[in-house]
Enquirer: 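Just passing along the structure, written as C-alpha cells.
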Amino acid sequence: KSRTTHQHWQMSSAVTVTRLKESDRERWAEVWKDYLAFYKTTLPQEIYDSTWSRIIQEDGDLYAFVTRDENDKITGLAHYLWHHNSWGPKPTCYLNDLFVDPNVRGKGQGRKLIEAVIEAAKEKGCTKVYWTTQHGNVTARKLYDSIAPPPEFVKYDLKL
C-alpha cells in the first residue's frame with residue numbers, strides 16, 4: 001500500500017494522527033530524541049539520518065504515524081515495520097517505537113497511534129501486531145494491557 005494510506009485521523013477538535021511530511025524532520029527528531037532519553041539511550045546522527053530516510057522514502061522499509069496538536073506540532077510518534085516469519089505466508093507488524101510527549105499524555109494519543117498502526121497492519125494483511133516495553137513502564141503497560149493480552153513469551157536480546 002502507498003505511504004499515503006490513512007493520511008489523517010481526527011481525534012478531537014485539537015489532535016490528529018497523520019503520516020510524516022518532509023517538513024517534519026526537525027520536530028520528529030526532537031520527539032524521537034525524547035523517546036530515546038526516556039529509555040536512557042542516545043544514537044549517533046547517522047542513525048537519525050538513516051531512520052528518517054527509511055520512513056520518508058516511498059520505498060522505505062520503516063513507517064510512521066504521528067499525532068499533531070491544533071498548531072500542527074508533532075506531539076507523539078509510532079514507528080513500525082513489516083516482516084515475515086516461519087509460521088505462515090502473511091506478514092507480521094512490529095510496532096518498534098511508541099512515544100507521546102509527557103505534557104500531553106493521558107489524553108488518548110498513545111491509543112490512537114496504536115489503532116492507526118493496527119489499521120495499517122490490517123490493510124497490509126498482517127496476522128498480528130506486536131510490541132515490547134520495559135517491565136517497569138507501568139503507565140504504558142496499563143494502556144497496552146487494555147488493547148492486547150500480555151505476552152506469553154519472554155523476549156531475549158543479545159547485542160552483537
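Note: hydrogens, waters and symmetry copies are ignored here, and every other heavy atom, side chains too, is used.
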Enquirer: Please round to the nearest 0.5 Å and tell me the distance separating atom OH of Tyr144 and atom OG1 of Thr132.
Expert: 8.5 Å
Enquirer: Counting heavy atoms not belonging to Glu26, are there more than 12 under 6.0 Å from its CD?
Expert: no
Enquirer: Quick one: are the ring centres of Tyr80 and Tyr94 less than 6.0 Å apart?
Expert: no
Enquirer: Output the distance between atom CD (Glu30) and atom CD1 (Ile74), rounded to the nearest 0.5 Å.
Expert: 9.0 Å
Enquirer: For the residue pair Val104 and Gln109, establish whether any side-chain heavy-atom pair is separated by less than 4.5 Å.
Expert: yes
Enquirer: If you round to the nearest 0.5 Å, how far is OG of Ser50 from CG of Leu62?
Expert: 9.0 Å
Enquirer: With heavy-atom distances below 4.5 Å as the criterion, would you say the side chains of Phe65 and Val17 are in contact?
Expert: yes
Enquirer: Return yes if a side-chain donor-acceptor contact under 3.5 Å exists between Arg68 and Thr18, otherwise no.
Expert: yes
Enquirer: Going by the rule side-chain contact (heavy atoms from CB on, under 4.5 Å), which residues pair with Ala121 if we only count those two or more places apart in sequence or in a different chain?
Expert: Trp82, Cys93, Cys126, Val129
Enquirer: Specify whether His79 and Trp32 have parallel, tilted or perpendicular ring planes, treating 30° as the upper limit for parallel and 60° as the lower limit for perpendicular.
Expert: perpendicular
Enquirer: Using a strict cut-off of less than 4.0 Å between a Lys/Arg side-chain nitrogen and an Asp/Glu carboxylate oxygen, indicate whether Asp145 and Arg141 qualify as a salt bridge.
Expert: no
Enquirer: Thinking salt bridges, do Asp24 and Lys73 make one under a 4.0 Å N-O criterion?
Expert: no
Enquirer: Hey, is the main chain of Gly76 close enough, under 3.5 Å, to the side chain of Thr67 for a donor-acceptor pair?
Expert: yes
Enquirer: Counting C-beta onward and ignoring hydrogens, is there a side-chain heavy-atom pair between Leu95 and Ile114 closer than 4.5 Å?
Expert: yes
Enquirer: How long is the straight-line distance from CG of Leu36 back to CG of Asp34, given to the nearest 0.5 Å?
Expert: 9.0 Å
Enquirer: Among Leu81, Thr51, Val117, exactly one meets side chain to side chain contact (heavy atoms under 4.5 Å, CB included) together with Asn96. Which residue is that?
Expert: Leu81
Enquirer: Give a yes or no on whether the ring-centroid distance for His83 and Tyr130 is below 6.0 angstrom.
Expert: yes
Enquirer: Test: salt bridge (charged side-chain N to carboxylate O under 4.0 Å, His left out). Region: residues 80-105. Which pairs qualify, not counting sequence neighbours?
Expert: Arg27-Asp101
Enquirer: Would you say Ile56 and Glu22 make side-chain contact, with heavy atoms under 4.5 Å?
Expert: yes
Enquirer: Indicate yes or no: does Lys155 engage Asp157 in a salt bridge with an N to O separation below 4.0 Å.
Expert: yes
Enquirer: Check this for me, if you would: do Arg25 and Asp49 make a salt bridge, where the nitrogen-to-carboxylate-oxygen distance has to be below 4.0 angstrom?
Expert: yes
Enquirer: Show your working on side chain to side chain contact (heavy atoms under 4.5 Å, CB included) between Thr92 and Trp87 and close with a plain yes or no.
Expert: CA-CA 10 Å; Thr92 297; Trp87 288 39; over 6 Å; no
Enquirer: Could you give the distance from CZ (Arg111) to CG (Leu143), rounded to the nearest 0.5 Å?
Expert: 5.0 Å
Enquirer: Quick one: does Val100's side chain get under 4.5 Å of Thr75's, heavy atoms only?
Expert: no
Enquirer: Strictly below 4.0 Å, N to O, side chains only: are Arg54 and Asp59 in salt-bridge contact?
Expert: no
Enquirer: For Phe99 and Tyr35, take the angle between the two ring planes, folded into 0 to 90°, and tell me which bin it lands in: parallel under 30, tilted 30 to 60, perpendicular over 60.
Expert: perpendicular
Enquirer: In the structure I gave you, are the side-chain heavy atoms of Leu98 and Trp131 within less than 4.5 Å of one another anywhere?
Expert: no
Enquirer: So do the side chains of Trp52 and Ile47 get within less than 4.5 Å of each other, counting heavy atoms only?
Expert: no
Enquirer: Can you check whether Asn71's main-chain N or O pairs, donor with acceptor, with Asp69's side chain at less than 3.5 Å?
Expert: yes
Enquirer: So, taking the atom named CD in Gln134 and the one named OH in Tyr39, what distance separates them when rounded to the nearest 0.5 Å?
Expert: 5.0 Å
Enquirer: Looking at residues at least two apart in the chain, or sitting in another chain, which of them share a side-chain hydrogen bond (donor to acceptor under 3.5 Å, both in side chains) with Tyr48?
Expert: none
